[in-house]
2 protein chains.
Amino acid sequence: MSERDSQPAKSGKRATINDVARVAQVSKKTVSRVINQSPFVREETRARVQEAIDELGFVPDPQARGLAFRRSFLVGMIYDQPSPTYVVNMQQGILDALKGSGLELVVHPCSRTSPTLLKDIRGFVERQRLFGVIMPPSVSEDETVIELLRELDTPYVRIASIALDQPQNMVVTNDWIGAAEAARHLVDLGHRRIALVRGLASFRSSVVRGQGFIDALKERGVDLPPAYDIQGAYTFDSGREAAHALLSLPEPPTAIFTLNDDMALGVMQAARERGLELPRDLSVVGYDDLPMAAHIWPNLTSVRLPIRDMGRMAAEKLLAPMRGVDPARLQQPEIRPSLVVRRSAIQV
Amino acid sequence: MSERDSQPAKSGKRATINDVARVAQVSKKTVSRVINQSPFVREETRARVQEAIDELGFVPDPQARGLAFRRSFLVGMIYDQPSPTYVVNMQQGILDALKGSGLELVVHPCSRTSPTLLKDIRGFVERQRLFGVIMPPSVSEDETVIELLRELDTPYVRIASIALDQPQNMVVTNDWIGAAEAARHLVDLGHRRIALVRGLASFRSSVVRGQGFIDALKERGVDLPPAYDIQGAYTFDSGREAAHALLSLPEPPTAIFTLNDDMALGVMQAARERGLELPRDLSVVGYDDLPMAAHIWPNLTSVRLPIRDMGRMAAEKLLAPMRGVDPARLQQPEIRPSLVVRRSAIQV
DNA sequence: CGGCTCATGGAAACCGGTGTCAATCATTCA
DNA sequence: TGAATGATTGACACCGGTTTCCATGAGCCG
C-alpha cells in the first residue's frame, strides 16, 4: 500500500466558527460572512479570517448551517428507472458536478405506481429540506410530483426527452435524433422491411424515439406498416415476444429497431429460438448502448446517450443559483445521442 | 393518473416541538422524551403527546436533532465496485432496511488507487458526521480506511468474502462455496479439462473463489494445471485474452470458469472469434449472475449472490444499536451463493 | 405525620451556525 | 472642519431540537 495523506488530526476536536473568530480577532458573524462569500468584508479582514480557517482546518458543519438556513446541503436523486447502468452513471455525473461544493447526494428510488408515491416523496423532500432534486425519466414526467416540489418550494431539475418545463429546470435529450439516426443507418444498409419495437407508452422517450424513427424512415421513402409497429415494455421478455410476432408475419422484417437494449437482447433471443443466424438473417439495433452491448455476440449496434454528462449538467443547473450563474447562460445545448455502429446490423 | 394521497398541507408550516408541547400541555423536554422513547414518561402523558404529534403531523427535524446529537441521520455507502448492477442492488437493500428509520442513504464512490482516498473519505465522514458507513468490496478490504473510520469513531459494516472483523461489523459471503458448486457442476457434466480465470488479485473474493474452485476440483479428483489457472482482471477484455491463451494451448480446456460474468462474456467472445460454437465446443460458467446472464445466448450458467439481501443485512447491523438489538443475536448466517444452471455449460 | 427516595416535568444553556439591526469607521461633500 | 454617506463589523436573538440541573408531587417508612 502506497503512502497516503490524511489530515494532521487537529487535536481530535473539530474547530468551530468561534475558534476561527478568536484566532482571527473578529466576531463569529464576520467569519460567517467570509464563509458565505459576503461582499461586505474588507479584503484585509477576509484574508486574515481565511488564514485562520486554513490554519485550524475549519470546515463549517452542514447540519448547523442547514438548520440556520432552513435548507440542507443534500441533493436528492429520485428515480424509478430500472436500469442499473443508467442509475449509476447518472449518480456519477451528479457527483462529478457536486464535487467540492459541499453538497452530498441522497438516493431515493420510487415507484410511480405506488399509491403512496406522493406521500413518500413529500416525506423525503420536506423532512430533509433538500437543497434540490434531480429526476430522470419516467418520474421526471410526472406532473403531480412536479406540482408537489413546487408546493414544497424545492428546486428541481428534470431530465426528459422533451422540454416539459423552463430551461433552468430541464435537461433535454434529443431522442428524436437518436432514433432517426438508427433509421437512416438501417435504410442505408439496404433494409426496407424494418420493424419498430417501442417501450412503455407511459415513457415520453418511447413516443419521441418512435416518432424520430418513423419520420426518418419516411424521409428516406420507407414506410412503417402497422404490423411492424409493436408496443413493447422495455423488458427483455417484451422484446422477445415482439420479435416472435414480427418473425411470424408472412413478410417478416429484415431488421428490427428496439427502443432499448434489453428488448434488443430479447429480439436476438427470439431470432435464435427460431433458428435464425445473426446478423445474417436479421439485423438488430438497440438504444442505450449498455456496456454489454459491446460484449455480446454479435456486438450490438446501439444509440448512446451520454448519461453521465446528463447527470452532471442537471446538477450544474441546480448549483447555478448558488454560484451566481446567470440562468440565461445555462441553456446548454440539447443532449444529442450518437449511433454506435457495431456488427448486429449489416448490409441486407 | 389515479388519485393520490398527500398530507393535508398543514397550513404550509411544519409543526415544531413547541407546537406539540403546547397542544399536549407539556414541556418540550417531555415531547423530546417521547420522541426518543425515554422510559421516564408516564404512559398517560406519552399517549397525550403522541396524539398531539399525530394530530399536527409533527416530524422532528433531522438537522436540528443531528446538531444536538452531534451525529447526522445519514448512512454513507462508500464503494469502488465498478459493477452498476451490484451497486444499485446493494443500494436497494440498504434502503429496504433504512425504510421507516428516518435515516437516508448518501452514496460515495471512491477509488482505492487515488492518492487522496483517505482525505476524501475523512472529509465525507467527518463533515457529515455520518451515522454509519457501509462498504462492499474492495474498499471494505482496505485496512487503512477501516483504521480511519475507527479513529473518527464512526460505526461501519464491511461486506466481504472473509471475516476480516468482528461479527457486528461484517457481512460475510461464502464465496468458497459458490465457486465450489461451479466446479462440482462442471465435473458432474463430465468435464475434466477445466480452466479458471481469476479476477483482480487485490480482491479477496478472487482468492477465495479461486480456492473454492480448486478445492472442489480436487475433491472430485480433478487437477488444475498451472496453465489452466489464469489471472484476469474482472474485465471483459481480460476474459477474452485469457480465453485466447487457454484455447491456444495444445490441450485446450473443454470448460472455463470465470470469477465474474464480464469475463465470461469475454471468454465467449474469444471462443466465437476462434470459430467455436457455444456451448457445444466450450462450456462456460460465470459468477455474479448479472441480469444479462439470462438474456445472452447461450444463457449463462452463473453463481448468484443475494446482493440486495446483503445490503439489507449490512444496514440492519448498523441499525441494531439504535434499536437496542442484542449484538449477539445479530450473527446472521453467512451468505451462501447459489448456482443458477442455464445453458452455457453442457455435458461434454 | 414528618422525612426521604423516586419518578417527572420545567427552565435555561447549548449544539454550530445565520439573520437582523444598530454601531463604528473611513471618506467625501458642503 | 463638521456632517452626511456608505462600507464594515459586532451584539444578540434564533434555527429546532437535546442535555443539565433543579423543583415538585407521590409513595413509603418509622
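Chain letters run A, B, ... following the sequence lines, proteins first, then strands; residues in each count from 1. Note: hydrogens, waters and symmetry copies are ignored here, and every other heavy atom, side chains too, is used.
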>> Check this one for me: any side-chain N or O of B/Ser32 less than 4.0 Å away from OP1 or OP2 of D/dT18?
In response: yes
>> Let's go through A/Arg150 and A/Asn169 carefully: what are the C-alpha distance in whole Å and the side-chain angles of both, what is the deciding distance for side chain to side chain donor-acceptor pair (under 3.5 Å) to 0.1 Å, and is it a yes or a no?
In response: CA-CA 11 Å; A/Arg150 290 216 188 89; A/Asn169 294 326; over 6 Å; no
> Which of the following nucleotides, D/dG17, C/dG9, C/dG16, is nearest to the side chain of B/Arg33?
Replying inline: C/dG9
> So does A/Ser27 get a side-chain nitrogen or oxygen closer than 4.0 Å to the phosphate oxygens (OP1/OP2) of D/dG10?
Replying inline: yes
>> Does D/dT18 have OP1 or OP2 under 4.0 Å away from a side-chain N or O of B/Arg65?
In response: yes
> Where the side chain of A/Leu67 is defined as all heavy atoms beyond and including C-beta, which of D/dG17, C/dG16, C/dA11 is the nearest nucleotide?
Replying inline: C/dG16
> How do B/Arg70 and B/Phe40 order along DNA chain C: which one's closest nucleotide is nearer the 5' end?
Replying inline: B/Phe40
> Any idea which of C/dG16, C/dT20, C/dT8 is nearest the B/Arg42 side chain?
Replying inline: C/dT8
> Counting distance only, does the side-chain N/O of B/Lys317 pair as donor-acceptor with the main-chain N or O of B/Val157 below 3.5 Å?
Replying inline: no
>> How many whole angstroms separate atom CG of A/Leu56 from atom C1' of C/dG16?
In response: 15 Å
>> Side chain of A/Val26 only, heavy atoms from C-beta on: which candidate in D/dG10, D/dT18, C/dG16 is closest?
In response: D/dG10
> Do B/Asp80 and B/Ser138 pass the side chain to side chain donor-acceptor pair (under 3.5 Å) test, and can you show the C-alpha distance, the side-chain angles, and the key distance before you say yes or no?
Replying inline: CA-CA 7 Å; B/Asp80 62 331; B/Ser138 74; 2.6 Å; yes
>> Could you tell me how far apart A/Ile35 (CD1) and C/dT18 (C1') are, to the nearest whole angstrom?
In response: 10 Å
> Which whole-number value in Å describes the distance from A/Lys29 NZ to D/dC14 C1'?
Replying inline: 12 Å
>> Side chains of A/Asp142 and A/Thr144 only: does a donor on one sit below 3.5 Å from an acceptor on the other?
In response: yes
> Starting at CD1 of A/Ile17 and ending at P of C/dG19, how long is that distance when rounded to a whole Å?
Replying inline: 11 Å
>> Looking only at the side chain of B/Phe69 (C-beta and beyond, no hydrogens), which of the listed nucleotides C/dG19, D/dT19, D/dG17 gets closest?
In response: D/dT19
> With a 4.0 Å cut-off on heavy atoms, is A/Asn18 in touch with a base, just the backbone sugar-phosphate, or nothing at all?
Replying inline: nothing
> Hey, does the side chain of A/Arg71 reach the backbone of A/Gly66 with a donor-acceptor pair shorter than 3.5 angstrom?
Replying inline: no
> Given that B/Val41 and B/Ala64 both sit by DNA chain C, which one's nearest nucleotide is further toward the 5' end?
Replying inline: B/Val41
>> Between B/Gln63 and A/Gln128, is there a side-chain donor-acceptor contact under 3.5 Å, judged purely by atom types and distance?
In response: no
> If only side-chain N and O atoms of B/Thr45 are considered, is one of them under 4.0 Å from the OP1 or OP2 phosphate oxygen of C/dG9?
Replying inline: yes
> Is there a donor and acceptor pair, one atom on the side chain of A/Lys28 and one on the base of D/dG10, closer than 3.5 Å?
Replying inline: no
> Between C/dT18 atom P and A/Asp61 atom CG, what is the distance in whole Å?
Replying inline: 10 Å
> Which of these nucleotides, C/dG17, C/dT18, D/dT19, is closest to any side-chain atom of A/Thr16?
Replying inline: C/dG17
> When the distance from CZ of A/Arg14 to P of C/dG17 is rounded to whole Å, what number comes out?
Replying inline: 7 Å
>> Does C/dT8 have its OP1 or OP2 closer than 4.0 Å to a side-chain nitrogen or oxygen of B/Thr30?
In response: no
